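A quick write-up on the structure given underneath.
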Amino acid sequence: MPVALSLVNVSKAYGAQPILDSLSFGLQVGEKVGLIGRNGAGKSTLFKLLAGVEAPDSGEVIMTQGLRVARLSQEPHFTPGATVRQALEDALQDHQKLLDRHAAIHDELHSDDGESANDSTAGRLHQELDAIEHHLHHMGWDLEPRLKEACTTWGLTDMEASVESLSGGWRKRVALAQAWLKDPDVLVLDEPTNHLDPEQVEKLEAWLLGFEGALLLITHDRHLLDSVVDKMLELEGGKLAVYDGSYSDYLLLKADQEFREARLTVHMQNRLRREMAWLRRGAKARTRKSKLRIQDVLDLKDDVDDRSRVESREKLSFAGGSNRSDALVSGRGLHFRYSPGGPDLLGGLDLVLQRGMRIALLGPNGCGKSTLLKVLMGDLQATRELNRHPKLSISVISQGRGELDGDASVLDNLADRAAVVHIGGADILAHVYLTRFGFPVDQQKRVAETLSGGERNRLLLARTMLHPVDLLVLDEPTNDLDIPTLQNLEEALQDYPGTLLLVSHDRFFLDQVATHTLAWNGAGQASLKSQVSSPKFQGDGTPLWELYEGSPSTVKSLRAQRAADAPDVKAEAAKISARVEAPKAKKPGLTQKEQRRLLELESQMATLHERMAALDAILSEPSAFMTADAHGHQALQDRDAAVAALEALERAWMELEEKRQDSV
């Protein structure tokens, strides 16, 4: 396959800090490659080089001529004052140029003055015309249907809206629509899922799965990587490591590599100890052999020191509270509306939070996930009071990270000016503890409001882990975290012994952590407003929120299974309604079947009376209960059964007899 783009010995540095070091790789047409790395490793720098925004200090960035390239940055930029329509039309400029060129060639070949082009010129023009028409047959001759298709695909309903007035999620949709409109041969995406709700992420995933060109995907969305790419690149220390396969394949290969590296490090450390012991015995550098051995020991020590300085993944840990109650929070028939007559965001929710449950809240933006968390925490009051354990301890990290004091320093936000913090049964200096979370000592006096999103998140995680709690509530904890930190957070939450409520757009993260899923069943706010008969249910009888045992990835199959097992509510309601609205007129008296049944009942009752008389005779015998196995015991059981059967027959007989009497 031809190479779409390539980097050859590319280096880039900012000041004295090298970011990319003699980096080389090629992306072939049809290849889908994912790029990952720690925050600050140089992923965005690499994207800027590929986009032509910046130039490398050395080396070459080569883009194959004739290929259409679409690039999407983390924060898309648009023409100032542009509407959605104008932004999308900008993406079709190349297409418009082809239309204009097609018209110009026709004019040149069929000019009004009757002069025809010479054979060589005509041949060249016809060849160019064929190439343009081939493209236009694929893309379409009219721009307007193409624009409307892009708006439908990405949910852009108002084409006259100003792009500058849109939220981050809607601006990202416009940028994706621009890339889609270009019908690219090469697609380079930098964090394309940022600000997108799950529905739009699924649309993006479907597009990338069907994309036949060359794709370079820079993202923290591991589910997207696992679904789409067939090769992984890891950027670390200015170098690229290549792993064939999906993200899951990368994890296996990486784990095997780390295991082998760890064994090699241990082997080198053991050898260094032996060599250092030889030096301490007073080895003298009198001979050439001794001099070389001493130099080897010094080189080995440098290698071991370098390996020891390689940053290892810092272990995170959340401590559970002392509460041993199984039910921490419970509520039945919970409703909440922000205004009278507004949509009910809880729909009569029944929920019990038990110790050890890790519950993921699943639903689109605006369905009420954050509202539900606030109700469960007591920040908002539902129509019915929640039952909370009196000794329940809670820790919350909200989506807005409002738990931080923006005017206080990083260090003061951690421990309220305490010099020492207590964690894991030991005391540790607060500034040393913060260095574990990427806050060097010289940056710990920064005020919190100057921190980036990822830094604010790491600071809150560091503070939360200082306090054992029974219930941990995390609203979008994965925002702005790189993949190594996400892996640490996953492991910490998997080991957390308390109860967890979790909201996140990171599907891979949710599947790794959650044991249960509280899923929203509505299709939008309109469905909420249409709930008339019972706020707990939608029009089809489905609860607004349902709890499933399993991770979010299992919800679709579990929901389908429940639907298959459940009775058809609509059909049943229609049957009941038909019976109520149009009752059949019945003739008075007994039907022929009921008359036969009445005679059968009378015969059966007579038989039972005879049976009971015979049993009474047995029971009256003196020997009926003389021994433990005497026949009177069984006779007594048989009589009790006969009495119960006779009572049932008599009730049925009375109903029919009354009906017969009414017709007389």
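Bear in mind that the values here come from a model prediction, so they are computed numbers and not experimental data.
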For the residue pair [X] and [Y], establish whether any side-chain heavy-atom pair is separated by less than 4.5 Å.
{"X": "Leu5", "Y": "Val61", "value": "no"}
{"X": "Val84", "Y": "Val163", "value": "yes"}
{"X": "His220", "Y": "Phe508", "value": "no"}
{"X": "Thr45", "Y": "Tyr14", "value": "yes"}
{"X": "Leu7", "Y": "Leu46", "value": "yes"}
{"X": "Leu486", "Y": "Arg222", "value": "yes"}
{"X": "Thr193", "Y": "His505", "value": "no"}

Report task. Return the orientation label for the Tyr247 and Tyr250 ring planes: parallel under 30°, perpendicular over 60°, tilted otherwise. Result -> tilted
Requested in this report: Output every pair passing side-chain hydrogen bond (donor to acceptor under 3.5 Å, both in side chains) with a member in residues 147-166, not counting sequence neighbours, ordered by first then second residue.
Outcome: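 Qualifying pairs, neighbours excluded: Arg85-Glu160.
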Using atom types as modelled and distance alone, determine if a side-chain donor or acceptor of [X] lies under 3.5 Å from a backbone N or O of [Y].
{"X": "Glu205", "Y": "Val228", "result": "no"}
{"X": "Tyr243", "Y": "Glu234", "result": "no"}
{"X": "Asn457", "Y": "Pro477", "result": "yes"}
{"X": "Gln178", "Y": "Ala87", "result": "yes"}
{"X": "Lys43", "Y": "Arg38", "result": "yes"}
{"X": "Thr517", "Y": "Ala519", "result": "no"}
{"X": "Ser11", "Y": "Asp57", "result": "no"}
{"X": "Asn9", "Y": "Gly59", "result": "no"}
{"X": "Glu236", "Y": "Ala41", "result": "no"}
{"X": "Ser227", "Y": "Leu224", "result": "no"}

Report task. Check the pair Phe25, Lys231 against side chain to side chain contact (heavy atoms under 4.5 Å, CB included), reporting the backbone distance first and the verdict last. Result -> CA-CA 12 Å; Phe25 84 94; Lys231 180 182 289 186; over 6 Å; no
Give a yes or no on this: more than 12 heavy atoms of other residues, nucleotides or ligands lie within 6.0 Å of atom [atom1] of [X].
{"X": "Lys445", "atom1": "NZ", "value": "no"}
{"X": "Lys12", "atom1": "NZ", "value": "yes"}
{"X": "Glu60", "atom1": "CD", "value": "no"}

Query raised in the report: Do you know which two heavy atoms are closest between Leu20 and Gly42, and how far apart they sit?
Result: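 In this case the closest contact between Leu20 and Gly42 is CD2-O, 4.2 Å.
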Requested in this report: Locate the shortest heavy-atom distance separating Leu414 from Ala430; write the atom from each residue and the value.
Outcome: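 Smallest heavy-atom distance, with atoms named: CD2-O, 3.9 Å.
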Nearest 0.5 angstrom please: [X] [atom1] to [Y] [atom2], how far?
{"X": "Leu209", "Y": "Glu202", "atom1": "CG", "atom2": "CD", "answer": "11.5 Å"}
{"X": "Asp412", "Y": "Gln444", "atom1": "CG", "atom2": "CD", "answer": "10.5 Å"}
{"X": "Leu216", "Y": "Leu187", "atom1": "CG", "atom2": "CG", "answer": "9.0 Å"}
{"X": "Thr79", "Y": "Gln86", "atom1": "OG1", "atom2": "CD", "answer": "8.5 Å"}
{"X": "Leu411", "Y": "Phe439", "atom1": "CG", "atom2": "CZ", "answer": "11.0 Å"}
{"X": "Phe318", "Y": "Leu500", "atom1": "CZ", "atom2": "CG", "answer": "8.5 Å"}

Query - Polar contact flag, side-chain donor to acceptor under 3.5 angstrom, Ser246-Ser248 - result: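 Result is no, nothing qualifies.
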Query raised in the report: Looking just at side-chain N and O atoms, do Asp475 and Ser370 make a donor-acceptor pair shorter than 3.5 Å?
Result: yes
Query - side chain to side chain donor-acceptor pair (under 3.5 Å) between Gln74 and Ser44, intermediate numbers included - result: CA-CA 8 Å; Gln74 285 193 41; Ser44 294; 3.2 Å; yes
**Report entry** Qualifying residue for side-chain contact (heavy atoms from CB on, under 4.5 Å) with Leu510, from Ser551, Pro552, Ser553
**Finding:**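 Result for side-chain contact (heavy atoms from CB on, under 4.5 Å) with Leu510: Pro552.
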**Report entry** Candidate list Leu373, Val503, Ile397, Thr464, test side-chain contact (heavy atoms from CB on, under 4.5 Å), partner Leu474, passing option
**Finding:**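 Exactly one pass, corresponding to Ile397.
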Requested in this report: Take Arg507 and Asp221, measure what side chain to side chain contact (heavy atoms under 4.5 Å, CB included) needs, and give me the verdict at the end.
Outcome: CA-CA 8 Å; Arg507 296 165 292 172; Asp221 190 325; 3.8 Å; yes
Query raised in the report: Is the Lys NZ or Arg CZ of Arg71 less than 6.0 Å from the centre of Phe47's six-membered ring, within 45° of the axis?
Result: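 Because its charged atom misses either the 6.0 Å distance or the 45° angle limit, Arg71 does not stack over Phe47.
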Report task. Evaluate the criterion side chain to side chain contact (heavy atoms under 4.5 Å, CB included) for residue pair Asp506 and His223; output intermediate values, then yes/no. Result -> CA-CA 8 Å; Asp506 189 328; His223 184 94; 5.5 Å; no
Query raised in the report: So, Arg463 and Glu403, do they make that salt bridge, N to O below 4.0 Å?
Result: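 Between Glu403 and Arg463 there is no salt bridge, as every charged N stays at least 4.0 Å from the carboxylate O atoms.
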Requested in this report: Mind running side chain to side chain contact (heavy atoms under 4.5 Å, CB included) on Leu23 and Leu235 for me, showing each step along the way?
Outcome: CA-CA 10 Å; Leu23 188 148; Leu235 183 58; 3.7 Å; yes
Requested in this report: Could you walk me through whether Asp256 and Arg260 pass the salt bridge (charged side-chain N to carboxylate O under 4.0 Å, His left out) test, one step at a time?
Outcome: CA-CA 6 Å; Asp256 181 64; Arg260 287 186 279 106; 3.1 Å; yes
